[in-house]
Amino acid sequence: MAQSKTLQNKWIKLWRKNKVYEPDLKKVKNPFYNLMMFPYPSAEGLHIGSVRTFTGVDIYGRFKRMQGHDVFEPIGLDGFGINSENYALKIGKHPAKLAKITEKNFYRQLDAIGNGFAWNECLETYDAEYYKWTQWIFVQMFKKGLAYRKKSPVNWCPSCKTVLADEQVLSGECERCNSAVIKKDLEQWFFKITDYAERLLEGLERIDWPDQIKIAQRNWIGRSEGYSITFPLVGIPGEENRKHSVDIFTTRPDTLFGVTYIAISPELGLEWIDKGWIKKEEAIKYVDNSILARSRKEKSSEEKTGVFSGIYGINPGNQEKVPIWISNYVLSSYGTGAVMGVPAHDERDFEFATKFDLSIREVISRDGRDHDLRQAYAGEGVLINSGKFNGTNSENAKEEITKFAGGGKKINYRLRDWLVSRQRYWGPPIPMIFCKACGDAGRGERKDMSGWYSVNEKELPVKLPFMENYKPDGTGESPLAKSKKFVRARCPKCKSWASRETDVSDTFLDSSWYYFRYLDPKDKTRPFDRQIIKKWLPVNMYIGGAEHAVLHLLYVRFIAKAFYDWKLIGFDEPFPKFRINGLITKDGAKMSKSRGNIVNPDDYIEKFGVDAVRMYLAFMAPLGEGGDFRDAGISGTTRFLARVEKLSEKLAKTSKEGLSEKMERLLHFSIKKIGEDIENLHFNTAISQLMILLNSLESLPSVPWQAYEIFLKLLAPLAPFTSEEYYQQLKKHKSFRKELSVHLGPWPKYEAKKIALESFKLIVQINGKTRAALDMPVGITEKDAEKRIFEDENLKKYFSTSPKKTIFVPDRLINFVI
RNA sequence: GCCCGGGUGGCGGAAUGGUAUACGCGAAGGACUUAAAAUCCUUUGCCCACAAGGCUUGAGGGUUCGAGUCCCUCCCCGGGCACCA
């Protein structure tokens, strides 16, 4: 029979009353911060995949609690942001109103999954008491020079009508709505995450995270060790030769003598046009066209195009004059926006040179001879056609040639600064004010940002005004710009009328620091309490989705490092231990609203009871692996729980009834195995062991209640209600020492010596094939084992000749090679 | 193209280099029942009439007394990055 709501409510009440899940954050001795990525509350409610993750995290937390830790397992809602807002637009309900409805539904569902949440500390990112501090962080970023404004080509989602960070563009598409992203020239706020590139890399060495995530972050940061070489420019109209120059970045300075041209990005071309260096009509036209083309598509098309700029560079290696081309295959956002073209040893350069009939000169050779190259050779070799460097190994030549050419080492990163502005309504307004008067006078809070002031901290939060029309209009300005009342503000410096920044900040800023706020969510005077932080942070266990590898998981590390630098905290990696959860599919497809295959947990919890659902989700696969949701599987765990109930009717009346040695061994082995499995988040095998144990206990004529007690404790993290129910029933036994709740532990201990076997089955193999499994006493010697085997009637036939070789693995296996 | 995961019965999955297929689902047969559901018992990788035996972890090689596990080559699925110089 499915678990009743009454039973569930009964225990929820007891737990609340006794604050089983509410550790005293200031006082506890053995803190354990058990954190899950908080949900982005969509209107359709909690997703079965989130339920699996959350209950999985909870299984782990309950286990830790029973082991004697004061577990803090908070929950909240990441409710600000484009997702919620887009949905609000779709159904025509104001996001602020929608949030309240969604919130209620979400908390109801989160309450129903049986987790040991610390409800007193829940928070929502759209609560002004929360985003006040999100804004405070922005202000600190500005004050420390880590927030800046810059006009540049940025990612623009035409459907969401806002800019996006690079991390939010997935193969040219908007992370949220999958529309093709285009480039737009806009002035935006950025956070200087690139200042932390090296430390973000270094920190990865110190944290226990899945390799998958670490590799993704390393690739995203994209550290590349190379060299910078300067090419003087000649042929600029009206300018002296060699007065100006261009820097290029390369990882292959050994190919310097093979340079036959230089290619620069259209953006750099535009700069040079503005400087008056490029005057060629054709080149100017090309730059205009290619920049325009890019505004239609985020990625430049595969087809390489280009035009000669009219000016030349001097190769500092051999003093040769090479033409400078402008081409779409050169990225403006990486390196210097200019590359040296070495067609013989770079595939892309080869393609370009072939297309535009530029010369190709081989300078690296595998055998020291010249070849008629049909394709680029990018490998190592011996230098040829390279003047005094001929004969040098290419690897060794890198340093020497760079030095000779007057260049130097340079490290480049792929990582770009975090674009945090959003031209949307449903987010924390960026707490900045622009004063035109100050700007005109060249004044500002920071030298490099004239006219800009951060909002006085005492005036935070800058409240998001209620607006009837909150629709993004695609003008490149937030809907907030339409509210005159909101925009008008006094300049913090000169007190004249100034205007507020009207963009809101990225949702990922909201979630970059929530784990601090959980620890003290109601404090109005500061973002967090240093004493409590010291006690609880960094987080002991963090679990969440792999899709955040280079989003949330990168930003959150960056913000922690900034806090560390500002001496707010004493650690710089917020999550020393992180584990990913697998993805749950339905009929093999990702669950999504558009596919209409979202599984709502409510019906299942209603029908089977929350314990059966929790156990089914845990039994599917290890937490880190995903799986396909099929309701058929729930019957297994439902039956299991019914049998647990039935077993309670079979308890021995007295406590004296002992257990067989075999049963005792199974019990102790189960304690060990289940503990280890839960520690490794392998709940599936923990449940399997519980099933094995239950099968054995059922076969007893009557079950000693002590054995049942242990069983219930082992079950407790997985099925919190069932275990509590039958645990509490044990109080009718006189000698039972009842804890307030089974969930307060202690976790049972096993004795290693009780697990030790007296006899075992020795696997007998002949030429690697198993022929028998014979009972033998533990610790038997090879000689004694052989004796028994040779006497065995069934095995005699194999030993017509004596074995050439014998491999003996004590207490396990013997293999005869005949 | 590059970088990560992964490929084991009808299905989900289990296996420190040492009995592959634990545990569960499903299926088949039986018991109980007027009947069904529920429950309980038995069987359940493949070949073979049984036994004996043989075969089997995507494919093919290799190392080893012994390989799902280690190495090489390749195929397929999932994910990430992608003109990064």
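Just so we're on the same page: letters track the sequence lines, and every chain starts at 1.
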Atom pair CG/CD1 of A/Leu715 and A/Ile687 - distance to nearest 0.5 Å: 9.0 Å
Out of B/rG12, B/rC25, B/rA85, whichever nucleotide has its closest atom nearest the side chain of A/Ser635: B/rC25
Minimum-distance nucleotide (side-chain atoms of A/Asn684 versus B/rA14, B/rG12, B/rG24): B/rA14
From B/rA14, B/rC4, B/rA85, nucleotide with atom closest to A/Gln212 side chain: B/rC4
Trace of the salt bridge (charged side-chain N to carboxylate O under 4.0 Å, His left out) decision for A/Arg416 with A/Glu167: CA-CA 9 Å; A/Arg416 277 173 264 169; A/Glu167 290 81 6; over 6 Å; no
Separation between the P atoms of B/rA37 and B/rA31, rounded to whole Å: 14 Å
A/Ser224 side chain, from C-beta outward: closest of B/rG12, B/rU39, B/rA85: B/rA85
Nearest-nucleotide pick for A/Leu170, side chain only, options being B/rC23, B/rA85, B/rC81: B/rC81
Given B/rG26, B/rU19, B/rA14, the nucleotide with the shortest approach to the side chain of A/Thr685: B/rA14
C1'-based separation of B/rC72 from B/rG9 [nearest Å]: 29 Å
NZ or CZ of A/Lys410 within 45° of A/Tyr227 ring axis and under 6.0 Å: no
Strand partner of B/rC40, provided both Watson-Crick or wobble distances fall under 3.5 Å: B/rG30
Check against side-chain contact (heavy atoms from CB on, under 4.5 Å), A/Asn155 and A/Gln168: CA-CA 9 Å; A/Asn155 310 304; A/Gln168 287 153 30; over 6 Å; no
Test of ring centre spacing under 6.0 Å for A/Phe816 and A/Phe808: no
Nucleotide nearest A/Trp220 (side chain, heavy atoms from C-beta), chosen from B/rG54, B/rC25, B/rC81: B/rC81
Base paired to B/rU73 (Watson-Crick or G-U; both N/O distances under 3.5 angstrom): B/rA59
Counter-base of B/rG24, judged by Watson-Crick or G-U geometry with both distances under 3.5 Å: B/rC11
Polar pair under 3.5 Å, donor/acceptor by atom type, side chain A/Lys804, base B/rC65: no
Under 3.5 Å on both distances, the Watson-Crick or G-U partner of B/rU19: none
From B/rA22, B/rC83, B/rA85, nucleotide with atom closest to A/Phe249 side chain: B/rA85
Scan nucleotides 41-48 of chain B against the protein and return all N/O pairs shorter than 3.5 Å with their distances rounded to 0.1 Å.
none

Where the chi angle of B/rG9 falls, syn if within 90° of 0 and anti if not: syn
Whole-Å gap separating P (B/rA85) and NZ (A/Lys398): 11 Å
Gap between atoms CD1 and P, on A/Ile692 and B/rG24 respectively (whole Å): 7 Å
Reported CG-to-CD1 distance for the pair A/Leu762 and A/Ile789, which is rounded to 0.5 angstrom: 5.5 Å
Selected nucleotide, minimal atom distance to A/Phe619 side chain, candidates B/rG18, B/rC81, B/rG24: B/rG24
P-based separation of B/rG7 from B/rG17 [nearest Å]: 16 Å
Complementary nucleotide for B/rC46 - Watson-Crick or wobble, under 3.5 Å: B/rG54
Residue matched to B/rC81 through Watson-Crick or wobble contacts both under 3.5 angstrom: B/rG1
Residue A/Ile763, side-chain heavy atoms: nucleotide from B/rG13, B/rA85, B/rU19 that is nearest: B/rU19
Step-by-step ring-ring contact (aromatic ring centres under 6.0 Å, His included) determination, A/Phe508 to A/Trp418: CA-CA 10 Å; A/Phe508 284 100; A/Trp418 177 11; 7.7 Å; no
Where A/Gly335 and A/Phe249 come nearest, the two heavy atoms and their spacing: CA-CB, 4.4 Å
Whole-Å distance separating the CD atom of A/Glu173 from the P atom of B/rG79: 13 Å
